[in-house]
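All values below come from the heavy atoms of this structure, side chains included, with hydrogens, waters and symmetry mates left out.
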Amino acid sequence: MKNRKIVVAASALSLTFAICVHAWSSRQEKSESKAAAAPKPAAEMQRLNFYLGEWDYTETYPKSAFYPGGGKNSGLYTSKLGPGGNSLINGFHSKGPVGDFEGLLLITWDPKENAYKSYVFGNSFPGAIIETGQFEGDALVFRTEMSAGGSTVKLKNVTRLVSPGKLVSEQYFAVKDAPETLFVTVDATKR
């Protein structure tokens with residue numbers, strides 16, 4: 001009787017161990033297949049793949065109240081995919097008579113807003129500029145509003161691929177309800 005209890009207990013323990021091993025193995029297979037079948041980035045993010053790579057660029061500042069003599073800077077812009085391809089991480093640095101500018105630009109697709117979101121960080125201002133964007137024809141257009149000096153400032157950035165390996169980006173601003181004024185034009189060539 002005692003031996004029979006030991007055999008039954010050992011059998012039950014072996015069966016429990018076998019079930020646990022099988023369950024663990026199945027869970028590992030599902031986990032590996034989930035990792036292998038990770039969701040693809042949104043089509044909207046894939047549409048931005050033209051940004052990827054390294055770009056030499058010039059910034060042309062027209063004569064304005066900000067830059068009475070105008071000016072031209074040059075720099076390097078790098079763009080790579082963020083985690084899972086769900087964002088773009090863009091770094092930029094330019095120098096010249098207009099100044100030394102360094103920054104980081106993050107772009108992602110926000111399905112709740114059905115829009116692109118851009119987060120711009122720079123060495124010449126605190127915090128981040130947060131913009132919302134859409135394609136308007138072949139141009140990716142970001143807009144935002146902010147307070148500066150007691151006034152509302154509206155910014156608009158229009159970027160388009162003008163030919164393979166060539167981009168043009170124009171930044172406009174308007175104070176209150178004044179007409180938009182061109183602030184800077186960026187011409188970039190892929191390395």
Mind checking whether F92 and Y57 have side chains closer than 4.5 Å, heavy atoms only? yes
Where is the tightest heavy-atom contact between L106 and F121, given as atom of each residue plus distance? CD1-CE1, 4.1 Å
Ignoring hydrogens, what is the shortest heavy-atom contact between A174 and P179? Give both atom names and the distance. CB-O, 3.9 Å
Can you tell me how far apart OH (Y116) and OG1 (T132) are? Round to the nearest 0.5 Å. 13.0 Å
Do T159 and L167 come close enough that some side-chain heavy atom pair is under 4.5 Å? yes
Distance-only check: which donor-acceptor pairs under 3.5 Å involve side-chain atoms of residues 67-81, not counting sequence neighbours?
{"residue": "N73", "atom": "OD1", "partner": "G96", "partner atom": "N", "Å": "3.3"}
{"residue": "N73", "atom": "OD1", "partner": "V98", "partner atom": "N", "Å": "3.1"}
{"residue": "N73", "atom": "ND2", "partner": "E59", "partner atom": "OE1", "Å": "3.4"}
{"residue": "N73", "atom": "ND2", "partner": "G99", "partner atom": "O", "Å": "2.9"}
{"residue": "Y77", "atom": "OH", "partner": "N90", "partner atom": "ND2", "Å": "3.3"}
{"residue": "S79", "atom": "OG", "partner": "N90", "partner atom": "OD1", "Å": "2.4"}

State yes or no: do W55 and I89 share one hydrophobic cluster built from I, L, V, M, F, W and Y residues joined by side-chain heavy-atom distances below 4.5 Å, directly or via other members? no
Following the transitive rule for hydrophobic clusters with a side-chain heavy-atom cut-off under 4.5 Å over Ile, Leu, Val, Met, Phe, Trp and Tyr, establish whether I107 and L104 coincide in one cluster. no
Determine whether F183 and L105 fall in the same hydrophobic cluster, where Ile, Leu, Val, Met, Phe, Trp and Tyr are linked whenever their side-chain heavy atoms lie under 4.5 Å apart. yes
Could you tabulate the donor-acceptor pairs under 3.5 Å formed by side-chain atoms of residues 136-143, not counting sequence neighbours?
{"residue": "E136", "atom": "OE2", "partner": "R143", "partner atom": "NH1", "Å": "2.7"}

Min side-chain heavy-atom separation F173-L182 under 4.5 Å: no
Could you check whether any side-chain N or O of T189 sits under 3.5 Å from a backbone N or O of D56, counting only pairs where one atom can act as donor and the other as acceptor? no
Is there a side-chain contact between I129 and T144 in this structure, where contact means two heavy atoms from C-beta onward sitting under 4.5 Å apart? yes
Cluster overlap V153 with V184, hydrophobic side-chain contacts below 4.5 Å: yes
Enumerate donor-acceptor pairs with a distance under 3.5 Å from any side-chain N or O in residues 43-51 to protein atoms, sequence neighbours excluded.
{"residue": "Q46", "atom": "NE2", "partner": "P41", "partner atom": "O", "Å": "3.2"}
{"residue": "N49", "atom": "ND2", "partner": "Q46", "partner atom": "O", "Å": "3.4"}

Would a single hydrophobic cluster contain both F135 and L88, if residues Ile, Leu, Val, Met, Phe, Trp and Tyr are joined by side-chain heavy-atom contacts under 4.5 Å? yes
In short, side chain to side chain donor-acceptor pair (under 3.5 Å) pairs touching residues 95-105 with sequence neighbours left out are H93-D100
S118: side-chain hydrogen bond (donor to acceptor under 3.5 Å, both in side chains) partners, not counting sequence neighbours: E131
Using modelled atom types only, decide if a donor and an acceptor are shared between the side chain of K190 and the backbone of L52 within a distance under 3.5 Å. yes
For residues 164-179, the salt bridge (charged side-chain N to carboxylate O under 4.0 Å, His left out) pairs (sequence neighbours left out) are K154-D177
Would you check if there is a donor-acceptor pair between the side chains of S87 and T108 at a distance under 3.5 Å? no
From the list N157, V158, L155, side-chain contact (heavy atoms from CB on, under 4.5 Å) partner of Y172 resolves to V158
Nearest heavy-atom contact between V175 and S151 is CG1-CB, 3.8 Å
